[in-house]
Amino acid sequence: MRYCWNNRSSEKILTRYQTARTNSALIKPGDIFLLQKTPNDWIHTGIVTAVHADTIETIEGNTNSGGSHNGNAVMDKIRNYKQSKLDFFSIESLV
C-alpha cells in the first residue's frame with residue numbers, strides 16, 4: 001500500500017478505503033474522493049460535501065442520474081463509502 005506524505009509533517013494526505021471504512025473521522029468535507037479501479041488507478045472523482053455514519057454526500061462531474069462515472073452532468077450524490085472502494089485525498093495539511 002502506497003501513501004503520500006506531506007513534507008512539513010508526517011500526516012497522510014491519502015487515506016485508503018480500508019482505513020476510511022473503519023474511521024470516518026478521517027473523511028472531511030472538502031476532501032476529494034477517488035473511486036478505485038486498482039490500488040494505483042482511479043476511474044472517477046468528486047468532492048465530499050458531508051460525512052454521515054455510512055455515507056458521504058458529494059458533488060461530482062461527468063455523471064448522470066443513472067450513476068455513470070462518464071456522464072454529462074454535475075450532480076449532488078450520496079455514496080456508501082463502506083461498500084465502495086473510495087480512497088480520500090485531503091489537502092487540509094497542505095494549506
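No hydrogens, no waters, no symmetry mates; every other heavy atom, side chains included, goes into these values. Everything numeric in this text was worked out from a predicted model, so none of it was measured.
- Looking at heavy atoms from C-beta onward, V48 lies in side-chain contact with I27 at the 4.5 angstrom threshold.
- Hydrophobic clustering (side-chain heavy atoms under 4.5 Å, transitive across Ile, Leu, Val, Met, Phe, Trp, Tyr) keeps V74 apart from L34.
- You'll find the side chain of D87 reaches within 4.5 Å of the side chain of L14, heavy atoms only.
- The stretch residues 36-58 participates, sequence neighbours left out, in these salt bridge (Lys or Arg N to Asp or Glu O under 4.0 Å) pairs: D54-K82.
- Distance alone, capped at 3.5 Å, places no donor-acceptor pair between the T55 side chain and the N80 backbone.
- For S84, the side chain to side chain contact (heavy atoms under 4.5 Å, CB included) partners are L86, not counting sequence neighbours.
- A distance of 4.5 Å separates CG in L35 from CD1 in I43, rounded to the nearest 0.5 Å.
- I47 and F89 fall into different hydrophobic clusters, defined by Ile, Leu, Val, Met, Phe, Trp and Tyr side-chain heavy atoms under 4.5 Å apart, directly or through other members.
- Pairs engaging residues 60-77 under the salt bridge (Lys or Arg N to Asp or Glu O under 4.0 Å) rule: E60-R79 [sequence neighbours left out].
- The main-chain N or O of A20 is never found under 3.5 Å from a side-chain atom of N23 such that the two would form a donor-acceptor pair.
- By the side chain to side chain contact (heavy atoms under 4.5 Å, CB included) test, N62 pairs with no residue at all, sequence neighbours left out.
- Listed here is the closest heavy atom pair of I56 and T58: CD1-CG2, 3.7 Å.
- Within the 4.5 Å cutoff, the side chain of V51 has heavy atoms near those of the P29 side chain.
- How far OG of S90 is from CG of D31: 4.0 Å, rounded to the nearest 0.5 Å.
- Ring pair Y81/F88 is perpendicular by interplanar angle, where above 60° counts as perpendicular and below 30° as parallel.
- Note: T22 OG1 to Y17 OH = 12.0 Å, rounded to the nearest 0.5 Å.
- Residues satisfying the side chain to side chain contact (heavy atoms under 4.5 Å, CB included) test with N72, not counting sequence neighbours, are N64.
- Around atom CG of L26, more than 12 heavy atoms belonging to other residues, nucleotides or ligands sit under 6.0 Å away.
- A salt bridge (Lys or Arg N to Asp or Glu O under 4.0 Å) check over residues 17-27, counting only residues at least two apart or in different chains, returns nothing.
- Using a 4.5 Å cut-off on side-chain heavy atoms (C-beta onward), M75 and S65 make contact.
- Of the inter-residue distances, the one linking H44 atom NE2 with Q36 atom CD reads 15.0 Å to the nearest 0.5 angstrom.
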